[in-house]
Amino acid sequence: MIDHSLVEMMLMHYAAGHLRPTEALLVACHVALNPLARRKLEAFEAMGAKMICECPEEDAAPVSKDCFEKVMARIESPAPPAPAHTPMQQDAAIPPAVMKLLCGNCTERSIRWQKLQSGVEAVSLHVPAGSPCRHRLRLLRLSPHQQTPAHSHAGREVTLVLQGGFSDHTGSYRAGDLIVIDDKTFVHAPRAGADGCLCLMLTDAPLLFRRVRIWFFGFFKRV
Amino acid sequence: MIAVCTKPCAWPPESLAFRPLARLKQLMVPATPQDTAHIPAAAPPQTQTHNALLAAVGARQDRDAFRTLFEYYAPRLKSYLLKNGAAEALAEEIVQNTFVTIWEKAAQYDPQKAAASTWIFTIARNRRIDTLRREKYVEVDSDNPALEHAATTDAPDDAYADTATIEKLRAAISALPEEQAKLLRMAFFEDKTHQAIADETRIPLGTVKSRLRLALEKLRGGFTPRKKTEESQ
């Protein structure tokens, strides 16, 4: 079963700053795309702030006497220019933070998609430093109404829908939805919606396809 | 060449694991006395004052306001950082980084959008990770017209139009039973693993997990349910 409270768990851990870069990337994009998720995150951050403010006086750790002066000295010294903020193109579906993880300086149109089967394309992303080595990030693109073969998950799979949507027997998901699957017995065969589906996936183990031939195929393609 | 990974894998974090049996156990284990230890309720922070101070720093680089904020938040942030495992010198460095960033970004602060305390907390959290990992925490791109547009046209849910959501969640947090609030605080604020929480509170690991889970589920109740997915199940 898809357990939706796992998404809240991830939001809470993002708010607390506990997530690895790969997980943080998915949550940050989810929050940027989904106003409800942003409100939830703000609420968890408010919870963090409340905990800091409620810290009893005797628990507060005094800072050294010259701490404030050091801060002011740094403020007064000329600061290095801040990196330019790259705003997202109006028609772009892939957030800039994700584009950075693609090999080379490719744009959304020049991505070299790897065809896994008819109507299913994927591209692997660079995994940011500091993430567990088993984490794999990839973009997956499904043609309209394309169904993927039925598969189960050997590990955890976190999927963020960037564009379009997909549905399976548990429901339908659309741009901005984050889906956390952490159930080895859960089998599904997602089908893309009428606009196709572009999603960002984080997995820590291969997907297990139900049909051996596809499994082999997928194994060599490292799906 | 085959690269062999010897590092223990941190994914999935303990907290995300689903343990249906844990709830059963939770019903069977009575609350221990440590459980109900009271979290000292401090006076509500002078939210309005802090918001005004931070806005003053942003609007006219008000140093006195900045100093007042520093004196209130620096020791508290340091305490938070020490509890999260930073060493003394490192905690101090992160506090400094945080306040330099607060000064630089204060002009972007909007009291309508967030309380000063929340804004300061998120900066401290991000600077903590930047400093520890030498790698930037992936921040939410909040000013993204394209994404905003996509999200609003695509999601005509009344759920997101509900401006009282944060208030609801706050109310839900303060209404949590003491034992759940305490565990949530330990997991969130002190970055303790579930095992460390279990050892410290002498509550069985399964109970810790299920209580956290219950707590989150209650918080989840503070939001409008995700109709489209739940109805179809």
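We name chains A, B, ... by the order of the sequence lines, and we start the count at 1 in each one. The shown structure was predicted, so the numbers you read here are calculated from the model rather than taken from an experiment.
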Participant: Given a strict heavy-atom distance threshold of 4.5 Å, which part of Phe70(B) is in contact with chain A: side chain, backbone, both, or neither?
Facilitator: side chain
Participant: If you measure from CE on Met47(A) to CG on Leu176(B), what distance do you get to the nearest 0.5 Å?
Facilitator: 8.5 Å
Participant: Once you round to the nearest 0.5 Å, how far does OH of Tyr14(A) lie from CZ of Arg125(B)?
Facilitator: 5.0 Å
Participant: Without swapping roles, check the side chain of Glu92(B) against the backbone of Ser64(A) for a donor-acceptor pair under 3.5 Å.
Facilitator: yes
Participant: Mind ranking Gly176(A), Pro62(A), Gly165(A) by heavy-atom pairs under 4.5 Å with chain B and telling me who comes out on top?
Facilitator: Pro62(A)
Participant: Can you find a heavy atom in the side chain of Phe66(B) that is under 4.5 Å from one in the side chain of Ile75(A)?
Facilitator: yes
Participant: Taking the side chain as every heavy atom from C-beta outward, state whether Cys53(A) and Tyr73(B) have any atom pair closer than 4.5 Å.
Facilitator: yes
Participant: Measure the shortest side-chain to side-chain distance between Cys67(A) and Gln96(B) over non-hydrogen atoms and say whether it is less than 4.5 angstrom.
Facilitator: yes
Participant: If you round to the nearest 0.5 Å, how far is CD1 of Ile52(A) from NZ of Lys83(B)?
Facilitator: 9.5 Å
Participant: Where on Ala114(B) is there a heavy atom nearer than 4.5 Å to chain A: the side chain, the backbone, both, or neither?
Facilitator: neither
Participant: Hey, mind stepping through Arg67(B) and Met72(A) against side-chain contact (heavy atoms from CB on, under 4.5 Å) and telling me if it holds?
Facilitator: CA-CA 10 Å; Arg67(B) 179 156 206 141; Met72(A) 294 316 286; over 6 Å; no
Participant: Does a side-chain N-to-carboxylate-O contact under 4.0 Å join Glu42(A) and Lys113(B)?
Facilitator: no
Participant: Any chance you could lay out the salt bridge (charged side-chain N to carboxylate O under 4.0 Å, His left out) test for Glu93(B) and Arg74(A), step after step, and finish with the verdict?
Facilitator: CA-CA 12 Å; Glu93(B) 187 193 329; Arg74(A) 278 177 59 186; over 6 Å; no
Participant: How close do Leu82(B) and Ala61(A) get, heavy atom to heavy atom, and via which atoms?
Facilitator: CD1-CB, 3.6 Å
